[in-house]
Student: 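The structure follows.
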Amino acid sequence: MGEQQQVRFPQEVIEEYAALGVDLPALFSAGDLGTRMGVQILEASADKVVGTMPVEGNTQPYGLLHGGASAVLAETLGSVGAMLHGGSTKVAVGVDLNCTHHRGVRSGLVTGVATPVHRGRSTATYEVVISDEQGRRVCSARLTCMLRDLGVRNGEQAPAAV
């Protein structure tokens, strides 16, 4: 399903993470599941995250894009936005995902665009619109993430697990 492309981040965000010794593009990849499904994150900021995913290889038995695949794309893009909003001292943990599927897609590439609905201190909610190559809406999703403090214990970064 292709290799991960280089994600475009605002320069000030790259510098913030680089100062902490973090390779931001590697940190905000699509992860193992996203990579297996061919998710490509093309653009990422707290204001907008854009990514694509092929329909091929992500279909249900009737040959249509699987609703779970749309959910993976939506959660990936919304989580990246929430992490960028939270900054280098927070980790985003998805707590609610809602997807409404509007039309079937049998081939090509779908594109997701995540934009913030709410960005607070402890939660962030993103709307994700997934469209086909003709610009028709395939899925509308909403993701809410809890923003947890990474914290420091005895001079070491605390684990981010829930």
Side-chain angles (χ1 to χ4, degrees), residues 1-54 58 65-101 110-131 137-162:
M1 296 258 161
E3 53 187 69
Q4 190 74 17
Q5 295 178 350
Q6 186 71 17
V7 182
R8 294 188 315 252
F9 292 97
Q11 188 59 38
E12 65 273 8
V13 174
I14 292 173
E15 291 170 4
E16 174 188 355
Y17 282 84
L20 299 170
V22 175
D23 178 358
L24 188 63
L27 178 65
F28 290 113
S29 71
D32 290 340
L33 177 60
T35 298
R36 241 187 337 271
M37 297 181 74
V39 172
Q40 300 283 320
I41 300 172
L42 306 177
E43 176 185 336
S45 73
D47 295 321
K48 181 179 173 183
V49 182
V50 179
T52 61
M53 181 180 66
N58 294 316
L65 177 65
H66 195 292
S70 294
V72 168
L73 179 60
E75 184 146 0
T76 299
L77 301 178
S79 293
V80 168
M83 285 290 288
L84 289 170
H85 163 65
S88 58
T89 63
K90 302 265 187 178
V91 62
V93 180
V95 295
D96 182 63
L97 176 64
N98 176 298
C99 297
T100 301
H101 308 287
V110 291
T111 300
V113 179
T115 54
V117 174
H118 165 77
R119 292 186 293 185
R121 286 188 312 260
S122 60
T123 62
T125 300
Y126 280 76
E127 176 187 37
V128 184
V129 174
I130 300 173
S131 304
R137 190 178 290 224
V138 172
C139 176
S140 298
R142 185 189 66 248
L143 173 71
T144 298
C145 290
M146 178 174 50
L147 300 173
R148 296 188 47 137
D149 289 326
L150 281 175
V152 176
R153 292 188 198 150
N154 300 325
E156 293 184 18
Q157 193 166 303
V162 174

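The structure presented is a predicted model; accordingly, all values stated were derived computationally and were not measured.
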Student: Hey, what do you get for OG1 (Thr123) to CZ (Arg148), rounding to the nearest 0.5 Å?
Tutor: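 So the OG1 of Thr123 and the CZ of Arg148 are separated by 14.0 Å.
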
Student: Identify the heavy atoms of Thr52 and Leu73 that sit nearest to each other, and give their distance.
Tutor: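 Looking at all heavy atoms of both residues, the shortest contact is O-CD1, 4.2 Å.
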
Student: Restricting to pairs with a member in residues 112-123, which pass salt bridge (Lys or Arg N to Asp or Glu O under 4.0 Å), not counting sequence neighbours?
Tutor: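 Sorted pair list: Asp47-Arg119.
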
Student: Can you name the nearest heavy-atom pair linking Ala74 to Leu97, along with the distance?
Tutor: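 Heavy-atom minimum between the residues: CB-CD1, 4.4 Å.
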
Student: Please name all residues satisfying side chain to side chain donor-acceptor pair (under 3.5 Å) with Glu12, sequence neighbours left out, ordered by chain then number.
Tutor: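 For Glu12, no residue satisfies side chain to side chain donor-acceptor pair (under 3.5 Å) once neighbours in sequence are set aside.
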
Student: Would a 4.5 Å heavy-atom cut-off, applied to side chains only, mark Met53 and Thr76 as touching?
Tutor: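 They are not in side-chain contact.
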
Student: Only counting residues at least two apart or in another chain, list the ones meeting side chain to side chain donor-acceptor pair (under 3.5 Å) with Glu127.
Tutor: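 Applying side chain to side chain donor-acceptor pair (under 3.5 Å) to Glu127 gives none.
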
Student: Donor-acceptor pair, Tyr126 side chain versus Ala141 backbone, under 3.5 Å?
Tutor: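 Checked: no pair found.
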
Student: Listed by chain and number, what are the side chain to side chain donor-acceptor pair (under 3.5 Å) partners of Thr125, not counting sequence neighbours?
Tutor: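 Residues passing side chain to side chain donor-acceptor pair (under 3.5 Å) with Thr125: Thr144.
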
Student: If you look only at pairs with a residue in residues 71-100, which of them pass as a salt bridge (Lys or Arg N to Asp or Glu O under 4.0 Å), with sequence neighbours excluded?
Tutor: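 As it turns out, the salt bridge (Lys or Arg N to Asp or Glu O under 4.0 Å) pairs with a partner in residues 71-100, which skip direct neighbours, are Lys90-Asp149, Asp96-Arg142.
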
Student: Ser140: which residues meet the side chain to side chain donor-acceptor pair (under 3.5 Å) condition with it, sequence neighbours left out?
Tutor: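 If we apply the side chain to side chain donor-acceptor pair (under 3.5 Å) test to Ser140, skipping adjacent residues, the hits are His102, Arg137.
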
Student: Shortest non-hydrogen contact from Thr89 to Gly86?
Tutor: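 Looks like OG1-O, 4.2 Å.
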
Student: Please tell me if the side chains of Ser70 and His101 come closer than 4.5 Å, counting only heavy atoms from C-beta onward.
Tutor: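 They are in contact (side-chain heavy atoms under 4.5 Å apart), so the answer is yes.
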
Student: Could you report the tightest heavy-atom contact between Val128 and Ala114, atom names first, then the distance?
Tutor: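 Shortest heavy-atom separation between Val128 and Ala114 comes out as CG2-CB, 3.8 Å.
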
Student: Any non-hydrogen side-chain atom of Leu77 less than 4.5 Å from a side-chain atom of Val50?
Tutor: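 Counting from C-beta outward, Leu77 and Val50 never come under 4.5 Å.
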
Student: What pair of heavy atoms forms the shortest contact from Val80 to Ala44, and how long is it?
Tutor: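 Distance-wise, the nearest heavy atoms are CG1-CB, 3.9 Å.
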
Student: Search all heavy atoms of Ala92 against all heavy atoms of Met83 and return the closest pair with its distance.
Tutor: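 Taking Ala92 first and Met83 second, the nearest heavy atoms are N-SD, 2.7 Å.
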
Student: Find out whether Val49 and Ile41 are in side-chain contact, i.e. whether some heavy atom of one side chain is under 4.5 Å from a heavy atom of the other.
Tutor: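 Val49 vs Ile41: side chains touch.
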
